[in-house]
**Student:** 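Here it is: the structure, laid out below.
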Amino acid sequence: MTKIKITTTQNIEIEYELATIFDRILAWLIDIVIIVAYVGLAVLVAVMITREPSGGLIALLMVPGLLYHLLCEALFQGQSAGKMAMRIKVVRTDGSPPNFGNYLLRWVFRLIEVNPAVFYGSAAVGSIAFSKQGQRFGDMIAGTTVIKLERKVSLADTIFAPSKEGYEALFPEVRKLDDIDIGTVRDVLRQHRQESNYEVLNACANRVCHVMGVKPPETMSAEQFLRFVLKDYSHLH
């Protein structure tokens, strides 16, 4: 099991499990099936309508298939349909959210690296296998990698955990946080549950206290405080 430590924008170091080559190949195969199915259907419709579609029309119909990975990753926060199915996603190694430029660089290099016509995609497989951060060349240039998402997530660990009717937020200052901050809190709690990492847990709690400008009761543990933060954020948003 290969892992990577990423320092978030809140200066908290979180450990993630890297997606395996097997995960990424299966995600790619799923995406290929979708792309081929789209292109085949689009060409079939064009033939039914025009009988003899021009080469220009066919090329135009293939453009969405060509842009599939770029558009999916940009619109769905680093995931294509294949990545969603395999529970993996693209992240930046510096902890900040990937932007369109990162996805664009990955896509440009994908046209060469993952192209079956170019050494059967072995360039991507080789670079991922020998990279400590599980990166193909496009990832290295874009500063990204691909991680696994936890397959079993309890409702208590989700951002939008339900609160009881009549619930009043204990820390209304959570309004000062955003979805990225809450995502970090959720990841820290998840890692703590798996590895009992109190150092990261306490660092996260201290950082959240500083941003919110609050001081939790002395009897409240760091884990309890962060769970209240998740619950209050869900309730107030």
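Just so it is clear, the values below take in all heavy atoms, side chains as well, and ignore hydrogens, waters and symmetry mates.
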**Student:** Looking at Y38, I'd like to know if its OH atom is crowded, meaning that more than 12 non-hydrogen atoms belonging to other residues, nucleotides or ligands lie closer than 6.0 Å.
**Tutor:**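 Count over threshold, so yes.
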**Student:** Does the pair T144 and T93 meet the rule for a side chain to side chain contact (heavy atoms under 4.5 Å, CB included), with working shown?
**Tutor:** CA-CA 5 Å; T144 59; T93 55; 5.9 Å; no
**Student:** Which heavy atom of K148 sits nearest to which heavy atom of L18, and what is that distance?
**Tutor:** CG-O, 3.9 Å
**Student:** Test your reading of the model: is there a side-chain donor-acceptor pair from D232 to the backbone of P172, 3.5 Å cut-off?
**Tutor:**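 Side chain of D232 to backbone of P172, a donor-acceptor pair under 3.5 Å: no, none is there.
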**Student:** Taking all non-hydrogen atoms of both residues into account, name the closest pair between P64 and L61 and its distance.
**Tutor:**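 P64 and L61 have their closest heavy atoms at CD-O, 3.3 Å.
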**Student:** If I take atom CG from residue N197 and atom CZ from residue R190, how far apart are they, to the nearest 0.5 angstrom?
**Tutor:**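 Those atoms lie 14.5 Å apart.
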**Student:** Can a salt bridge be assigned to the pair E73 and K89 using a cut-off of 4.0 Å between side-chain N and carboxylate O?
**Tutor:** no
**Student:** Any chance you could measure I147, atom CD1, to I4, atom CD1, to the nearest 0.5 Å?
**Tutor:** 8.5 Å
**Student:** Compare all side-chain heavy atoms of L111 with those of L66 and state whether any distance is below 4.5 angstrom.
**Tutor:** yes
**Student:** Other members of the hydrophobic cluster containing L105, with the 4.5 Å side-chain heavy-atom rule, please.
**Tutor:**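 Members besides L105, by chain and number: F109, I141.
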**Student:** Go through the steps to decide whether W28 and S80 satisfy the test side chain to side chain contact (heavy atoms under 4.5 Å, CB included), and finish with yes or no.
**Tutor:** CA-CA 9 Å; W28 176 79; S80 61; over 6 Å; no
**Student:** Going by an N to O cut-off under 4.0 Å, is there a salt bridge joining D139 and R24?
**Tutor:**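 Looking at D139 and R24, the cut-off is met.
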**Student:** Linking I/L/V/M/F/W/Y whenever any side-chain heavy atoms sit under 4.5 Å apart, do M84 and I25 land together?
**Tutor:**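 No, separate clusters.
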**Student:** Can you check side chain to side chain contact (heavy atoms under 4.5 Å, CB included) on V208 and L226, steps first, answer last?
**Tutor:** CA-CA 8 Å; V208 171; L226 293 178; 4.1 Å; yes
**Student:** Does the side chain of D179 come within less than 4.5 Å of Y233's, by heavy atoms?
**Tutor:** yes
**Student:** Just verifying a value: how many Å separate I35 CD1 and L67 CG, rounded to the nearest 0.5 Å?
**Tutor:** 10.0 Å
**Student:** In Å and rounded to the nearest 0.5 Å, what is the NE2 to NZ distance from H210 to K215?
**Tutor:** 15.0 Å
**Student:** Side chain to side chain contact (heavy atoms under 4.5 Å, CB included) for E223 and L189? Distances and angles first, verdict last.
**Tutor:** CA-CA 7 Å; E223 182 178 0; L189 284 171; 3.9 Å; yes
**Student:** May I ask you to test the V229-L177 pair for a side-chain heavy-atom distance under 4.5 Å?
**Tutor:**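 Sidechains of L177 and V229: in contact.
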**Student:** Work out which heavy atom in F137 is nearest to a heavy atom in E113; give both atom names and the distance.
**Tutor:**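 Minimum heavy-atom contact is N-OE1, 2.8 Å.
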**Student:** If I compare all heavy atoms of T145 with all of G134, which pair ends up nearest, and what's the gap?
**Tutor:**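 Minimum heavy-atom contact is OG1-O, 3.5 Å.
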**Student:** Is the shortest side-chain heavy-atom distance between V200 and H192 below 4.5 Å?
**Tutor:** no
**Student:** Look at the side-chain heavy atoms of Ile, Leu, Val, Met, Phe, Trp and Tyr, link any pair under 4.5 Å apart, and say whether V63 and I49 land in one connected group.
**Tutor:**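 They do not share one cluster, since no chain of ILVMFWY contacts under 4.5 Å joins V63 to I49.
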**Student:** Judged by atom type as modelled, is there a donor-acceptor pair below 3.5 Å linking the side chain of E173 to the main-chain atoms of V214?
**Tutor:**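 Absent.
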**Student:** Can you see which heavy atom on R136 is nearest to which on S127, and at what distance?
**Tutor:**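 For R136 versus S127, the nearest heavy atoms are CA-OG, 3.0 Å.
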**Student:** Within this structure, what is the OH-CH2 distance for the pair Y68 and W107, rounded to the nearest 0.5 Å?
**Tutor:** 15.0 Å
**Student:** Taking the side chain as C-beta and beyond, is there a heavy-atom pair between V90 and N102 under 4.5 Å?
**Tutor:** no
**Student:** Working to the nearest 0.5 Å, report the span between CG of D23 and CD1 of I128.
**Tutor:** 10.5 Å
**Student:** Tell me whether I182 is reachable from F228 by hopping between hydrophobic residues (I, L, V, M, F, W, Y) whose side-chain heavy atoms are closer than 4.5 Å.
**Tutor:** yes
**Student:** Examine distances only and state if a side-chain atom of Q191 and a backbone atom of V188 form a donor-acceptor pair shorter than 3.5 Å.
**Tutor:**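 Not confirmed, Q191 side chain does not pair with V188 backbone.
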**Student:** Is any side-chain heavy atom of Y16 closer than 4.5 Å to one of D187?
**Tutor:**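 Heavy-atom side-chain distance check passes, below 4.5 Å.
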**Student:** Any link between F22 and V114 through a network of hydrophobic side chains (Ile, Leu, Val, Met, Phe, Trp, Tyr) touching at under 4.5 Å?
**Tutor:**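 Looking at the clustering, V114 is in the same group as F22.
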**Student:** If you count every heavy atom of other residues, nucleotides or ligands that lies below 6.0 Å from E195 atom CD, does the total exceed 12?
**Tutor:**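 More than 12 heavy atoms, drawn from other residues, nucleotides or ligands, come within 6.0 Å of this atom.
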**Student:** Restricting to non-hydrogen atoms, name the atom on P216 and the atom on F225 that form the minimum distance, rounded to 0.1 Å.
**Tutor:**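 That would be CB-CD1, 3.8 Å.
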**Student:** Quick check against the 3.5 Å criterion: does Y103 have a side-chain atom that pairs as donor or acceptor with the backbone of L71?
**Tutor:**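 Here the side-chain-to-backbone pair does not exist.
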**Student:** For the pair T184 (side chain) and I180 (backbone), establish whether a donor and an acceptor sit closer than 3.5 Å, ignoring hydrogens and angles.
**Tutor:** yes
**Student:** Would L236 and L170 show up in the same hydrophobic cluster when neighbours are defined by side-chain heavy atoms closer than 4.5 Å?
**Tutor:** yes
**Student:** Is any side-chain heavy atom of L149 closer than 4.5 Å to a side-chain heavy atom of Q79?
**Tutor:** yes
**Student:** Do D181 and R207 come within less than 4.5 Å of each other through their side chains, counting heavy atoms only?
**Tutor:**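 A side-chain contact under 4.5 Å is absent here.
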